[in-house]
Amino acid sequence: MTARPTIGVLALQGDVAEHLHVLDQLDVHAVKVLGPDHLDTVDALVLPGGESTTMSKLALRYGLMEPLRKRVAAGMPAYGTCAGMIMLADHLLGGTADQETVGGIDMTVRRNAFGRQTESFEAAVDIEGVGAEPFDAVFIRAPWVESVGPEVTVLGSVPGPDEAGRIVAVRQGGLMATSFHPELTGDARIHRLFVDIVKGQA
């Protein structure tokens, strides 16, 4: 791994510009990934928030789904936010019948679990690996993680509507996912954690 890795942002849909802006502040080469050729040029990938069913369809249409699966299975670090978390889940609840995921993280994710757009909210969440100060997390039609396998580390949780602790941040090796949108907060700590993972420093 070079000292200044190239990190791509999957540019099919969603908060692409916002992720590129944060990564540009963290001493990495940040680029858009629009097709399989672009994917071959990056050391790691961010899968942004957006609409997971649309993202799935576009990945299939543009021939990216299988290359993504192969790179993730081969060990490419990847970080998914909101819809990106859904894309990295091995198992999905509440998706459409034809919805596919990239997979890679041994977890079951429930789509739109926290409710509709009008039920979006912010919460202070303690996230392992980013310091003692809670992270001001922005949840927009967010999923939560119903369950995880033995290789998955839970990095953060929040109370759900029924007061059960809901998992909203996870890591499995070089793969990381959050239910919320750190790219919208001005706080780069979670992206910095991912960059450290990419560099083999976390």
### Task
For Glu183 and Thr81, run side chain to side chain contact (heavy atoms under 4.5 Å, CB included): C-alpha distance rounded to whole Å, both residues' side-chain angles, the deciding distance at 0.1 Å, then the answer.
CA-CA 9 Å; Glu183 75 280 6; Thr81 63; 4.2 Å; yes
Decide whether [X] and [Y] are clustered together by the hydrophobic rule: side chain heavy atoms of Ile, Leu, Val, Met, Phe, Trp, Tyr closer than 4.5 Å, transitively.
{"X": "Val138", "Y": "Val46", "result": "no"}
{"X": "Met76", "Y": "Val9", "result": "no"}
{"X": "Val42", "Y": "Val198", "result": "no"}
{"X": "Phe139", "Y": "Val22", "result": "yes"}
{"X": "Val28", "Y": "Val16", "result": "yes"}

Are [X] and [Y] packed together at the side-chain level, in the sense that at least one heavy-atom pair is separated by less than 4.5 angstrom?
{"X": "Pro150", "Y": "Asp106", "result": "yes"}
{"X": "Phe180", "Y": "Ile190", "result": "yes"}
{"X": "Asp90", "Y": "Ile105", "result": "no"}
{"X": "Leu47", "Y": "Leu88", "result": "yes"}
{"X": "Leu155", "Y": "Val170", "result": "no"}
{"X": "Glu146", "Y": "Leu93", "result": "yes"}
{"X": "Arg171", "Y": "Val152", "result": "no"}
{"X": "Lys199", "Y": "Val195", "result": "yes"}

What's the spacing between [X] [atom1] and [Y] [atom2] if we round to 0.5 Å?
{"X": "Tyr79", "Y": "His19", "atom1": "OH", "atom2": "NE2", "result": "6.5 Å"}
{"X": "Ile86", "Y": "Gln99", "atom1": "CD1", "atom2": "CD", "result": "6.5 Å"}
{"X": "Thr108", "Y": "Leu92", "atom1": "OG1", "atom2": "CG", "result": "9.0 Å"}
{"X": "Leu10", "Y": "Leu68", "atom1": "CG", "atom2": "CG", "result": "6.0 Å"}
{"X": "Arg192", "Y": "Asp27", "atom1": "CZ", "atom2": "CG", "result": "11.0 Å"}
{"X": "Glu122", "Y": "Leu184", "atom1": "CD", "atom2": "CG", "result": "9.5 Å"}

### Arg166 (side chain) donor-acceptor with Val158 (main chain) under 3.5 angstrom
no
### Query
So, does His21 use its side chain to make a donor-acceptor pair with the main chain of Ala17 at under 3.5 Å?
no
### Message
Given the ring of Trp144, does Arg110 sit roughly above its face, with NZ or CZ under 6.0 Å from the centre of the six-membered ring and within 45° of the axis?
### Response
no
Can you name the nearest heavy-atom pair linking [X] to [Y], along with the distance?
{"X": "Phe194", "Y": "Ile7", "value": "CE2-CG2, 4.2 Å"}
{"X": "Gly35", "Y": "Leu64", "value": "C-CD2, 3.7 Å"}
{"X": "Val109", "Y": "Pro143", "value": "CG1-CB, 3.5 Å"}
{"X": "Ala30", "Y": "Asp24", "value": "CB-OD1, 3.6 Å"}
{"X": "Leu193", "Y": "Ala202", "value": "CD1-CB, 4.0 Å"}
{"X": "Met107", "Y": "Ala177", "value": "CE-CB, 4.2 Å"}

### Test side chain to side chain contact (heavy atoms under 4.5 Å, CB included) applied to Val148 and Ile167, step by step
CA-CA 9 Å; Val148 297; Ile167 301 169; 4.3 Å; yes
### Summary
Of Met87, His181, Arg141, Glu51, the one forming a side-chain contact (heavy atoms from CB on, under 4.5 Å) with Cys82 is His181
### Message
Under a plain distance cut-off of 3.5 Å, with no hydrogens placed, do His29 and Thr6 share a side-chain donor-acceptor pair?
### Response
yes
#### Entry: Polar side chain donor-acceptor pair, Arg111 to Ser52, under 3.5 angstrom
yes
### Query
For Tyr62, does the OH atom sit with more than 12 other heavy atoms under 6.0 Å from it, leaving out its own atoms?
no
### Query
Can you check side chain to side chain contact (heavy atoms under 4.5 Å, CB included) on Val102 and Met65, steps first, answer last?
CA-CA 6 Å; Val102 175; Met65 188 65 85; 3.9 Å; yes
### Query
With Glu100, which of Arg69, Arg61, Lys57 fulfils salt bridge (charged side-chain N to carboxylate O under 4.0 Å, His left out)?
Arg69
### Query
Which is it for Phe114 and Ile140 under the side chain to side chain contact (heavy atoms under 4.5 Å, CB included) test, yes or no, and what are the steps along the way?
CA-CA 8 Å; Phe114 285 106; Ile140 303 170; over 6 Å; no
